[in-house]
Each structure stands twice: as C-alpha cells, then as structure tokens.
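To start, the structure itself, in structure tokens.
We name chains A, B, ... by the order of the sequence lines, and we start the count at 1 in each one.
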2 protein chains.
Amino acid sequence: MQADIVIRALGALAQEHRLAAFRALVQAGESGLSAGTLAEALQLPNSSLSFHLAQLTNAGLIRQQRQGRSLIYSADYAAMNGLMGYLTKNCCAGAVCAADANCSISEERNVA
Amino acid sequence: MQADIVIRALGALAQEHRLAAFRALVQAGESGLSAGTLAEALQLPNSSLSFHLAQLTNAGLIRQQRQGRSLIYSADYAAMNGLMGYLTKNCCAGAVCAADANCSISEERNVA
DNA sequence: CTAATGATTCGATAATCGTAGAAATATCGA
DNA sequence: TCGATATTTCTACGATTATCGAATCATTAG
C-alpha cells in the first residue's frame with residue numbers, strides 16, 4: 001500500500017459521518033447496507049450521505065453493488081487490512097505485532 | 001479512545017507532510033527531532049511545518065519538549081497504539097488480532 | 001543589554017470540504 | 001409507457017485547510 005492511497009483512506013475515515021458509516025458497514029458484514037438504510041441510520045440527507053459514500057469509495061474502503069433499485073455498500077476488509085498494515089509498519093516503529101496486523105477476517109472469511 | 005479524538009488523529013495523519021513528519025518522528029524514536037531538523041528533512045518552510053506540528057500535537061500524536069532554543073518533537077506511541085486499537089476494534093470486524101493490536105513498542109520499550 | 005538563533009504566531013490567499021435542496025438517472029411494478 | 005422508488009449528480013455557499021512571508025517570542029552567548 002502506497003502513501004498516496006493511505007492518505008486518501010485516512011482522510012476518508014477522518015470525518016464523523018464517514019467513520020460512522022464505515023463502522024456500520026463493517027458491522028453489517030458481507031451483506032452490506034443500502035444507501036437508504038445507512039442514511040436513515042445516520043440521520044443524514046441522502047445527498048449528503050451519497051457525498052460521503054463517494055469519498056469512501058474513492059479511497060477504496062468500500063464497495064458498491066446494485067441490487068434492484070438499491071445500491072448496497074459493503075466494507076472492503078482487504079483495504080482496511082492494507083491500511084492497518086501500513087500504519088503498523090510505518091508509524092509504529094515496526095513493532096511487535098507487525099506480522100499479526102492482519103486485522104481482517106476478510107482474507108479468511110471472504111474466501112470461506 | 002473516543003471517536004472524537006480518533007477523528008482528530010486520523011485527520012492529522014491524512015496529509016502528505018504530516019504523515020511524513022510523523023513517520024520521521026517514529027523512526028527517530030525516543031530522542032525525537034527538532035523542528036528545524038524536521039523542516040529541513042521534509043523541505044518545508046518553518047512556518048508551514050510549525051502549522052503541521054501543531055495539528056499533530058493537537059491530535060495528541062506527538063509531544064513537544066524544549067531543549068535550549070530548540071523544540072524537540074517526538075512521537076507518542078501510546079496515542080498511536082490507542083488509535084490502532086480503536087480501528088481494530090471498530091473498523092475491522094473485531095478481527096483476530098484485536099487483542100494483539102498493541103502496535104507499540106512504546107508501552108514496553110519506553111519504560112525500559 | 002544586545003545580537004543571533006530557533007521556532008511560533010499572524011495575516012492574507014487560494015483551494016478543498018461539508019451541507020443539503022433541486023434536478024437528473026436508474027430500476028421496477030402495473 | 002407511466003408513476004413510484006432509490007440514489008446520485010448538480011449547484012451554491014459557508015467553513016475549514018494549507019501555504020508561506022513577515023512579525024513576534026523565547027533562549028543563549030558575548
């Protein structure tokens with residue numbers, strides 16, 4: 001993972017509503033959540049949420065997938081994993097858990 | 001660690017020069033680096049770097065300490081550790097490494 | 001005390017971000 | 001096809017961010 005994408009990912013998460021949205025998507029797991037559901041959960045106007053989801057998508061942290069008229073968003077665990085790996089390696093003095101910093105489920109669970 | 005401070009920390013790191021500065025400080029370790037040294041390393045005007053260091057300080061990621069006329073900055077490993085912990089717990093589906101996500105040295109090595 | 005050094009704060013400016021209503025786009029049901 | 005539903009894109013605007021020279025503050029040496 002490169003510094004450029006890391007910065008975009010950090011920036012994407014560095015905002016109240018986006019962090020909340022991402023957390024909700026992580027919690028939702030594989031099946032994800034529709035834009036509407038998310039907008040209601042976060043109490044945001046659709047257009048505002050849409051803006052934030054676009055930022056997260058642009059940062060590669062979430063994925064979009066159409067299902068009927070709904071757009072279902074879901075967290076990209078591998079991307080989050082990459083971010084954690086970068087931070088561990090570059091911002092944590094190459095500490096102990098560097099090798100374990102697979103904070104995903106994803107690699108394992110997505111495949112399963 | 002609370003969402004509010006997490007957002008400030010993420011925002012602080014989500015910028016080219018600040019991420020570079022923080023990485024340099026992490027690498028520098030305990031002894032830290034002076035503002036001047038850092039400014040030269042990053043090729044930034046003093047006033048610009050000062051602005052960024054203030055942001056990092058405000059986010060609690062770095063510490064300041066005067067030494068003669070120089071201000072020495074150093075990374076706060078515990079804060080970074082806290083950030084990693086939050087992300088692991090809240091943004092990684094409570095994955096495997098949650099308990100290990102002590103990405104610091106700090107707690108152990110600072111004391112030593 | 002004065003000059004020199006290291007660094008921050010001030011000030012102005014350009015650029016980006018967040019917000020949310022309104023208009024447009026896509027899909028589905030009848 | 002037409003209307004309803006789900007969402008995005010457009011638009012405008014206020015707020016925040018990044019930049020950096022100039023002015024200021026703090027510390028030390030002479």
**Fill in**
Comparing A:Glu16 with B:Arg66, nearest DNA chain C nucleotide closer to 5' gives the residue B:Arg66

Rounded off to whole Å, could you give me the [atom1]-to-[atom2] distance for the [X] and [N] pair?
X: B:Gln65; N: C:dT8; atom1: CD; atom2: P; value: 14 Å
X: A:Ile62; N: D:dT7; atom1: CD1; atom2: C1'; value: 13 Å
X: A:Ile72; N: D:dT8; atom1: CD1; atom2: P; value: 11 Å
X: B:Gln15; N: D:dT19; atom1: CD; atom2: C1'; value: 10 Å
X: A:Gln64; N: C:dA26; atom1: CD; atom2: P; value: 13 Å
X: B:Leu56; N: C:dA7; atom1: CG; atom2: C1'; value: 16 Å
X: A:Leu13; N: C:dG18; atom1: CG; atom2: P; value: 12 Å
X: B:Asn58; N: C:dT9; atom1: CG; atom2: P; value: 12 Å

Check whether any side-chain heavy atom of [X] sits under 4.5 Å from a side-chain heavy atom of [Y], and report yes or no.
X: B:Phe22; Y: B:Met80; answer: yes
X: B:His17; Y: B:Ser48; answer: no
X: B:Gln2; Y: B:Val6; answer: no
X: B:Val26; Y: A:Asn90; answer: no
X: B:Arg63; Y: B:Thr57; answer: no
X: A:Leu56; Y: A:Leu25; answer: no
X: B:Glu30; Y: B:Ser74; answer: no

If the cut-off is 4.0 Å, is [X] near the phosphate of [N], judged by side-chain N/O to OP1 or OP2?
X: B:Tyr73; N: C:dT8; result: yes
X: A:Ser34; N: D:dA6; result: no
X: B:Arg18; N: D:dA18; result: yes

**Asked** Do side-chain atoms of A:Gln15 reach the backbone of A:Arg18 as a donor and acceptor pair under 3.5 angstrom?
**Response** yes

Would you tabulate the nitrogen or oxygen pairs shorter than 3.5 Å linking the protein to nucleotides 28-30 of chain D?
none

**Message:** Side chain of A:Ser70 only, heavy atoms from C-beta on: which candidate in C:dT19, D:dT7, C:dT8 is closest?
**Reply:** D:dT7

**Message:** Does anything in residues 42-55 of chain A come within less than 4.0 Å of DNA chain C? Heavy atoms only, and list the residues if so.
**Reply:** A:Pro45, A:Ser47, A:Ser48, A:Phe51, A:His52, A:Gln55

**Request:** Find the distance between CD1 (A:Ile72) and CD1 (A:Ile62) and round it off to the nearest 0.5 Å.
**Result:** 12.0 Å

